[in-house]
Amino acid sequence: MSREVPISKVRNIGIMAHIDAGKTTVSERILFYSGKTHKLGEVHDGQATMDFMVQERERGITIQSAATTLQWKGHYVTLIDTPGHVDFTVEVERSLRVLDGSVALFCAVGGVQPQSEKVWHQSEKYEVPKIAFINKMDRTGADFYGVLEEIRTELHCNPVPIVIPIGKEDRFRGVIHLIDMKAIYYGEGDDTDVRIEDIPADRIEKARKWRENLVEQCAEQDDELMEEFFSTGTLPADKMRAILRKATIARKIVPVYCGSAFKNKGIQQLLDGVVGLLPAPNEIPPIISAKAEDGAEPERREPTDEAPFSALAFKIVADKHAGKLTYIRIYSGTLTAGQNVWNSTLGKEQRIGRILRMHANHSVQLETAQTGDIVAVVGLAHTRTGDTICDKDHPIQLTSIEFPAPVVSISIKPDSTADNEKLSNALFKLAEEDPTFTVAFDQETGETVISGMGELHLDIIVDRLKREFNVAAQVGRPEVAYRETATQVADGQYKHVKQSGGRGQYAHVCMRLEPLPAGSGFEFVNEVVGGRIPSNFIPSVQKGVAKAMQKGPYAGYPVVDVRVVLYDGSYHEVDSSDFAFQEAGRACFCELFSKASPVILEPVMSVEAVTPEEFMGAVTGSICQRRGRVETMEDKGHQKVITGMVPLGEMFGYATALRSLTQGRAGFSMQFEHYEAVPFFLTEEIIKARRKAGKIH
């Protein structure tokens with residue numbers, strides 16, 4: 001895209017929602033109406049443009065975020081369609097980190113569902129302005145005004161309708177545009193004709209009521225407009241659009257649209273909202289360096305082509321034709337094919353080979369890319385997700401992306417020992433793509449262990465190994481990613497002394513171990529004074545402690561949420577070494593942890609089951625049988641919504657069990673909530689099983 005299109009006409013947006021709210025269907029309609037595609041791709045037919053992976057087309061779900069660029073009314077819009085399934089939350093996280101605006105999609109029947117709430121909070125973390133689209137207005141049970149109220153109360157924002165529906169369910173015919181005060185009717189089926197008419201008499205009163213609400217919301221954003229509103233009782237359409245845009249970018253208002261993407265209704269108005277209300281790259285605040293010299297102001301980088309080049313790598317893809325593709329968002333300056341760039345995160349210089357503008361899994365080669373562009377580049381062999389690339393003469397390091405830790409693990413081995421190397425290479429490439437997928441080798445059992453966000457996540461990984469990398473693999477039973485922590489303070493010392501002729505080893509440390517609140521992670525505090533331990537050995541002690549925490553002394557799981565205070569010790573001028581202090585730190589930690597009343601922690605999931613009323617007792621019972629506790633039971637339309645907290649270890653195979661309990665009429669979703677201590681009787685079983693498997697002694 002040449003700068004013939006001013007940056008003010010550029011939009012970078014994503015579509016985010018709960019699974020099955022219709023994100024990919026909305027994306028397909030946007031592509032069709034913008035002229036990017038000339039045929040409607042349907043998710044249920046496995047023909048959706050944005051769902052290009054074999055696994056996506058077979059399952060009818062989005063697994064990887066897909067990017068494309070389209071045009072609408074003189075604007076260039078880069079659109080990213082994100083997954084709704086909680087197992088692929090990494091795709092939502094990294095997309096929201098680099099987008100300027102987002103369309104939050106809600107099902108007119110389901111309303112605010114668990115994953116729509118989760119992605120909303122993710123977008124708030126990155127301060128992303130949003131517009132809302134209430135989809136599936138043609139479905140039985142659709143309730144525009146009920147969903148509007150849910151958005152207000154459950155997401156704690158200010159939703160303001162720009163359109164209201166004409167009819168609902170099978171009588172949904174169009175929308176009333178509240179700024180223009182016109183009725184917009186859509187053709188039936190595949191007919192994409194749109195008729196704009198006067199509002200019918202039986203709907204004019206409701207339209208006036210909601211327009212008054214819109215005018216009041218606009219007037220409240222500006223003192224001058226408030227005066228004009230008081231004197232005239234209304235506001236001109238151009239002023240309303242201007243103030244709505246300003247308030248949307250400031251996240252004071254969430255404009256709301258509605259329609260039925262599957263029936264081709266409401267998408268043109270949504271696109272008008274995207275280009276009219278969401279920000280251009282030069283309307284977001286300048287990026288600020290994550291690091292600054294002591295006492296210095298963090299560097300700010302203005303979003304202009306003239307500023308020094310800076311970009312964030314937010315996604316890695318192993319492409320069978322192009323090799324390693326690195327998706328980047330350019331925040332300032334320009335990038336040219338063949339240019340040398342500086343990876344400020346790793347401190348490495350690299351060369352850009354090719355620049356590609358992506359359309360799902362197809363690409364167009366570019367010579368240059370500018371501020372605001374989201375493109376894929378070839379040549380950044382050492383760049384990882386979250387790294388900053390920039391001009392070497394004007395270095396900057398941007399805030400990286402935080403990803404959740406994996407919660408499910410399985411062992412994996414190739415069907416043929418000849419495929420060992422192929423499996424290792426394939427797993428390395430997949431782990432490079434997905435920061436929530438990790439690979440580890442258990443030295444004691446000789447197993448390769450892969451970890452991810454859920455059963456579906458790991459199923460997809462194994463399927464991709466077979467199809468993309470031609471490696472057939474055998475997998476073990478899923479295992480929960482347990483953690484260990486301390487519950488009491490423990491204090492002690494350890495001397496590491498070895499003499500075997502010649503130079504010996506000596507290190508003496510005095511440490512205190514303290515439990516921390518859940519989610520705090522690990523803290524290491526140095527309180528040594530008077531040079532009792534030389535400063536160059538302090539990091540060695542910390543390194544030894546960190547090593548011990550990787551495989552906890554209690555059950556062999558990683559240790560979390562503890563503080564280790566090193567307050568005293570001693571050294572020998574000849575025999576002390578980096579290794580000796582590492583060993584002293586490791587051994588002292590193991591002793592203290594065993595004395596600090598350790599417990600095993602398990603991931604607990606927030607589960608929401610939606611079921612017809614006649615199965616409510618069976619579903620509630622199934623949650624309780626799995627060591628779960630029911631939190632709430634609510635009505636939603638003709639169904640019951642049961643929410644509860646259930647340990648992840650009890651949720652394997654729940655989809656099949658729930659289907660058999662409810663004749664296939666109930667569904668559920670779950671997401672990681674927090675870690676809790678495992679009951680004592682289960683702790684003994686876990687430790688016994690770990691000993692039997694040779695993972696602890």
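No hydrogens, no waters, no symmetry mates; every other heavy atom, side chains included, goes into these values.
Contacts classified as salt bridge (Lys or Arg N to Asp or Glu O under 4.0 Å) and involving residues 96-117 (residues at least two apart or in different chains) are given here: Asp100-Arg329. Sorted by first and then second residue, the salt bridge (Lys or Arg N to Asp or Glu O under 4.0 Å) pairs with a member in residues 145-154 read Glu149-Arg152, Glu150-Lys636; sequence neighbours excluded.
In terms of the side chain to side chain contact (heavy atoms under 4.5 Å, CB included) criterion, Ser400 has no residue partners (sequence neighbours excluded). The salt bridge (Lys or Arg N to Asp or Glu O under 4.0 Å) search around Asp138 returns Lys263, not counting sequence neighbours. For Glu402, there are no salt bridge (Lys or Arg N to Asp or Glu O under 4.0 Å) partners at least two apart in sequence or on another chain. Judged as a salt bridge (Lys or Arg N to Asp or Glu O under 4.0 Å), and not counting sequence neighbours, the contacts of Lys130 are Glu124. Taking Tyr145 as the reference, Trp210 meet the ring-ring contact (aromatic ring centres under 6.0 Å, His included) condition, with sequence neighbours excluded. Evaluation of the salt bridge (Lys or Arg N to Asp or Glu O under 4.0 Å) rule for Lys125 yields Glu93 as partners, not counting sequence neighbours. With sequence neighbours excluded, the residues that form a ring-ring contact (aromatic ring centres under 6.0 Å, His included) with Phe668 are Tyr654. Judged as a side chain to side chain contact (heavy atoms under 4.5 Å, CB included), and not counting sequence neighbours, the contacts of Ala104 are Met16, Phe106, Trp120. Every residue was checked against the side chain to side chain donor-acceptor pair (under 3.5 Å) condition with Ser102, not counting sequence neighbours, and none meets it.
A donor-acceptor pair is defined here as one N or O able to donate and one able to accept, closer than 3.5 Å; such a pair exists between the side chain of Arg29 and the backbone of Ala261. No donor-acceptor pair closer than 3.5 Å links the side chain of Arg203 to the backbone N or O of Ile166. Judged purely by atom type and a 3.5 angstrom limit, Asn12 uses its side chain to pair as donor or acceptor with the backbone of Gly372. Of the possible donor and acceptor atoms, one in the side chain of Asp373 sits under 3.5 Å from a partner among the backbone N and O of Gln370.
Salt bridge Lys73/Asp272: present, at least one basic N to carboxylate O contact under 4.0 Å. With respect to the salt-bridge test (charged N to carboxylate O, under 4.0 angstrom), the residues Arg245 and Glu283 qualify.
Surrounding CZ of Arg208 are at most 12 heavy atoms belonging to other residues, nucleotides or ligands under 6.0 Å away.
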Check residues 178-185 and write down every donor-acceptor pair under 3.5 Å in which the side-chain atom is one partner and the other belongs to a residue at least two apart or another chain.
residue	atom	partner	partner atom	Å
Asp180	OD1	Arg241	NH2	2.9
Asp180	OD2	Arg241	NH2	3.3
Lys182	NZ	Asp198	OD1	2.8

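Side-chain contact of Ser332 with Ser310: a donor-acceptor pair under 3.5 Å is present, judged by distance alone.
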